[in-house]
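Below: one structure, written as structure tokens.
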Amino acid sequence: MKVIKTIDEFKEIRKNIGDRKIGFVPTMGGLHEGHLSLVKKSVNENDVTVVSVYLNPTQFNDKNDLLTYPADFDDDKELLEKADVDFLFAPTYTEMYPDDYRYKVTENDLSKLLCGASRPGHFDGVLTVVMKLFNIVKPHNAYFGEKDFQQLELLRGMVKAFFMDINIVACPIVREKNGLAISSRNRKLSEKGLKTAPRLHEILCNDSTLEEKKKELEDAGFTVDYLTVKDKRLFAAAFLENVRLIDNVEYK
Ligand code: PAF
């Protein structure tokens, strides 16, 4: 696996890849089984797999969340090497934002709901960085997890709106045996928190009403940010020990 830190270097490599099929997995590091499932799919479906590790500051509305984001570059690199990734792209802020974020991609509808309502500017940051990464990597297929379902929908919309020739591949949520959706942020939970966290998925899936679910979550120790049904899916975000957990399930 080759590690690339600059856009110029990546462009040279991109030229040499030529017409071979490229799969791309954008990440912010802190890699776990969820990311590795996307990488595995990309390696199986493409000639070349590129993974980016870039902790994108523009999508964090909470500075503390950015500063405490659990990621270790050497661990990530080792995992990607073992997963047969061809190129790891790990740029710096000055590489990615030579304009210091004067220009951005904005969506004015879905991005204002759910996570967007409580994290102002979050999806502008996501769409902007993914647009930049797509323009650098020029992949055929790009892989995203359904845990961030809203992000996935917004990226699908962006690719369509800007006539980008990129296939967005949705990958199912990877869960612990106890149902907890795997996330880098789970690492911020205490042992006690990790025992409580699976209740989120359990409560989303049980037969109770939305009002009852909210109460059940609060009784379990969560502070509910939102619990909303949209397009036959139930979406939830809730804080546990100040860690923001999200999940979504089908809802009939
Ligand atoms: O899902 C993530 O990890 C990030 O939002 C992404 C897509 C890598 C953009 O920074």
Side-chain angles (χ1 to χ4, degrees), residues 4 7 10 23-39 41-42 49-63 65-73 75-77 79-80 83 85 87-93 95-97 101 104-107 110-111 114-116 118-137 139 141-159 162 164 166-174 181-188 235 237 243-248:
I4 300 147
I7 294 170
F10 193 88
F24 178 43
V25 184
T27 81
M28 296 202 296
L31 303 185
H32 51 63
E33 285 305 315
H35 295 112
L36 295 178
S37 73
L38 312 184
V39 170
K41 198 163 162 55
S42 173
T49 288
V50 179
V51 176
S52 62
V53 170
Y54 178 64
L55 187 54
N56 175 37
T58 65
Q59 70 188 76
F60 286 81
N61 57 310
D62 173 355
K63 258 218 172 98
D65 191 23
L66 171 65
L67 293 173
T68 59
Y69 195 83
D72 181 294
F73 187 72
D75 289 352
D76 291 343
K77 195 173 138 199
L79 285 171
L80 295 173
V85 166
F87 298 103
L88 163 55
F89 181 52
T92 58
Y93 178 80
E95 279 289 312
M96 288 304 284
Y97 290 96
Y101 201 37
K104 62 178 78 163
V105 182
T106 299
E107 191 272 357
L110 175 59
S111 73
L114 305 171
C115 284
S118 39
R119 301 186 68 190
H122 167 65
F123 286 116
D124 286 1
V126 171
L127 295 176
T128 305
V129 81
V130 173
M131 170 75 91
K132 284 170 185 265
L133 289 165
F134 280 177
N135 285 336
I136 299 162
V137 176
N141 296 310
Y143 296 78
F144 296 90
E146 287 184 339
K147 185 172 81 66
D148 298 297
F149 203 90
Q150 192 180 5
Q151 165 174 285
L152 181 65
E153 287 289 292
L154 284 162
L155 288 168
R156 278 199 182 113
M158 179 181 85
V159 163
F162 291 95
M164 300 171 85
I166 295 170
N167 179 34
I168 302 287
V169 185
C171 303
I173 300 178
V174 179
I182 296 184
S183 159
S184 311
R185 287 190 175 85
N186 296 352
R187 292 180 196 164
K188 290 165 79 169
F235 293 87
V243 179
R244 193 166 184 281
L245 303 176
I246 60 170
D247 204 342
N248 66 85

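All heavy atoms count here, side chains included; hydrogens, waters and symmetry mates do not. Please read all numbers here as calculations on a predicted model, not as lab measurements. One-based numbering, in listed order, for ligands and for the atoms of each.
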Checklist outcome for this item: Under 4.0 Å from one or more heavy atoms of Val129, ligand 1 contributes atoms 9 (C), 10 (O)
Checklist entry - At a 4.0 Å threshold, what atoms of ligand 1 neighbour a non-hydrogen atom of Gln59? => result 4 (C), 5 (O), 9 (C), 10 (O)
Checklist outcome for this item: for atom 3 (O) of ligand 1, nearest protein heavy atom and its distance come out as Met28 CG, 3.8 Å
Checklist entry - Which residue owns the protein heavy atom closest to atom 2 (C) of ligand 1, what's the atom, and how far is it? => result Gln151 NE2, 3.9 Å
Hey, is the main chain of [Y] close enough, under 3.5 Å, to the side chain of [X] for a donor-acceptor pair?
X      : Y      : result
Glu95  : Ile7   : yes
His122 : Gly116 : no
Gln150 : Leu110 : yes

Next on the checklist: I'd like to know if Lys188 pairs up with Asp65 as an ion pair, taking the criterion as any Lys NZ or Arg NE/NH1/NH2 lying under 4.0 Å from an Asp or Glu carboxylate oxygen.
Outcome noted: yes
